[in-house]
Undergrad: 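Can you keep this structure in mind? I'll have questions shortly.
One is the number of the first residue; the rest follow in order along the sequence. Note that ligands are numbered from 1 as they come in the structure, with each ligand's atoms numbered from 1 the same way.
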Amino acid sequence: MTSITIDEKKCLKDGICVAECPGRLLQMETGESCPSPTPDFEEYCLQCGHCVAVCPASALSLEWLGPDDCTPMARNLRVTPEQAEQFLTGRRSIRTYKNKTVAKPILEKLLEIAGAAPSAKNQQPWHWIVVQEPHEVRRLASMVIDWMRGVIEVAPEMAAERGLTRVVAAWDNGEERICRGAPHIIIAHGDKDWGFGSEDCTLAISLLDQYATSLGLGCCWGGYFYSAVNAHRPLFEDLGLPDHHKAYGAVMLGYPKFRYRRIPLRNPPQVTWK
Ligand SMILES: Cc1cc2nc3c(=O)[nH]c(=O)nc-3n(C[C@H](O)[C@H](O)[C@H](O)COP(=O)(O)O)c2cc1C
C-alpha cells in the first residue's frame, strides 16, 4: 500500500510518469491536467519507484520515496560499450582464492547492489545467508560431502554422472571442490512456492557477481552447495532456512589468487531469426 503526491507547481504535464507506470496506475484527464492516481493505485502499485525516478521535474513523491531519496544518475559514470563488453565477457568463475577475508562493509555493499536486480512483480524475494568465517565455509562444505556420500551409496550411477564421485574422491585426497577454499559463501533463498524465485535470485546473484568483479573480488556459483542445501536436511537446518524456503543459488566469494589475461571463446549464439 502506498500513496502518491504530485506537486502541481512543478509538474510539466509531459505524461512521462503516465507512460512509464508499469501498472498504468497514473492517468491524465486532459493534455493540460496534472496526472492523478487511478482508484486502484494503492492496490496495484508495485513500489518500483519508476514514477519518482523518471520525472524530469522532481514533481512526484511516494509515501516511501521522494526525489531526494534517490541517487541521481551521473552522466560522467556512463560506461562505454567497449568497457561494458570487456567487463561482461571478462568476468570469470574464480576457483582459487587468496587467504584473505572480505570486510563486512564490502559484503553489505554487494548485497545492496544485488538488490537492484529486476524481479517479477518487483517482489525482491531474495533472502541472504552470508558465511563470514572461512572455517565455517569449510565445515559446511564437509556437510555437502556427507550428502554426496549418501547419494553415492543409494544411486552410484547418478552420482558418478553428476560428478559427485570425483568430488568426494578429491575431498578424501585433501582437495576441497565444493567451495574451492573460498573464504565466504553467500546463499540466496526465498519462499519455495514463489514461481519466479529461481529467476529473481539468479539475477540478484549475477549482479552481485559482476559488482564483486568490479571490486577486484571473484565469485563462483556453488551448484553443488545449494543443491545440497535443498536435499540434505541437516545442512538446511544448520543454515537456519525457514521451512517454507528453499535455496535458489549460492556463490563462493573471495579475492582471486590469479589474474585472467584473456577472454575465452564462447559458442556462437544458437538462434532462430524470424
Ligand atoms: C547454476 C550454476 C552452477 C554452478 N556450479 C558450480 C560448482 O558447483 N562448482 C564450480 O566450480 N563451478 C560451478 N559453476 C560455474 C560454471 O562451471 C562456469 O560458469 C562455467 O564453466 C563458465 O565459466 P565462467 O563463469 O568463468 O565464464 C556453476 C555455474 C552455474 C551457472
Undergrad: Students should find this: residues with any non-hydrogen atom under 4.0 Å from ligand 1. What is the answer?
TA: Arg91, Arg92, Ser93, Arg95, Arg180, Cys220, Trp221, Gly222, Gly223, Tyr224, Tyr226, Arg266
Undergrad: With a distance cut-off below 6.0 Å to the six-membered ring centre and an angular limit of 45° from the axis, does Arg138 pair with Trp171 as a cation-pi contact?
TA: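 Judged by the rule, Arg138 and Trp171 form a cation-pi pair.
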Undergrad: Under the rule for side-chain hydrogen bond (donor to acceptor under 3.5 Å, both in side chains), what residues qualify as partners of Asp172, not counting sequence neighbours?
TA: Arg149
Undergrad: Which hydrophobic side chains are connected to Trp128, either touching it within the sub-4.5 Å cutoff or through other members that do?
TA: Val102, Ile106, Leu107, Leu110, Leu111, Ile113, Trp126, Val130, Ile186, Ile205, Leu208, Tyr211, Leu215, Leu217, Trp221, Tyr226, Val251, Leu253, Tyr255
Undergrad: Rounded to the nearest 0.5 Å, what separates atom CG in Asp200 from atom CG in Asp191?
TA: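 Asp200 atom CG to Asp191 atom CG measures 11.5 Å (nearest 0.5 Å).
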Undergrad: So does Tyr44 have more than 12 non-hydrogen atoms from other groups sitting under 6.0 Å from OH?
TA: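 For Tyr44, atom OH is not crowded (no more than 12 foreign heavy atoms under 6.0 Å).
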Undergrad: How would you list all residue pairs meeting side-chain hydrogen bond (donor to acceptor under 3.5 Å, both in side chains) that involve residues 94-108, not counting sequence neighbours?
TA: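 Checked against side-chain hydrogen bond (donor to acceptor under 3.5 Å, both in side chains) - neighbours excluded - no pair reaches residues 94-108.
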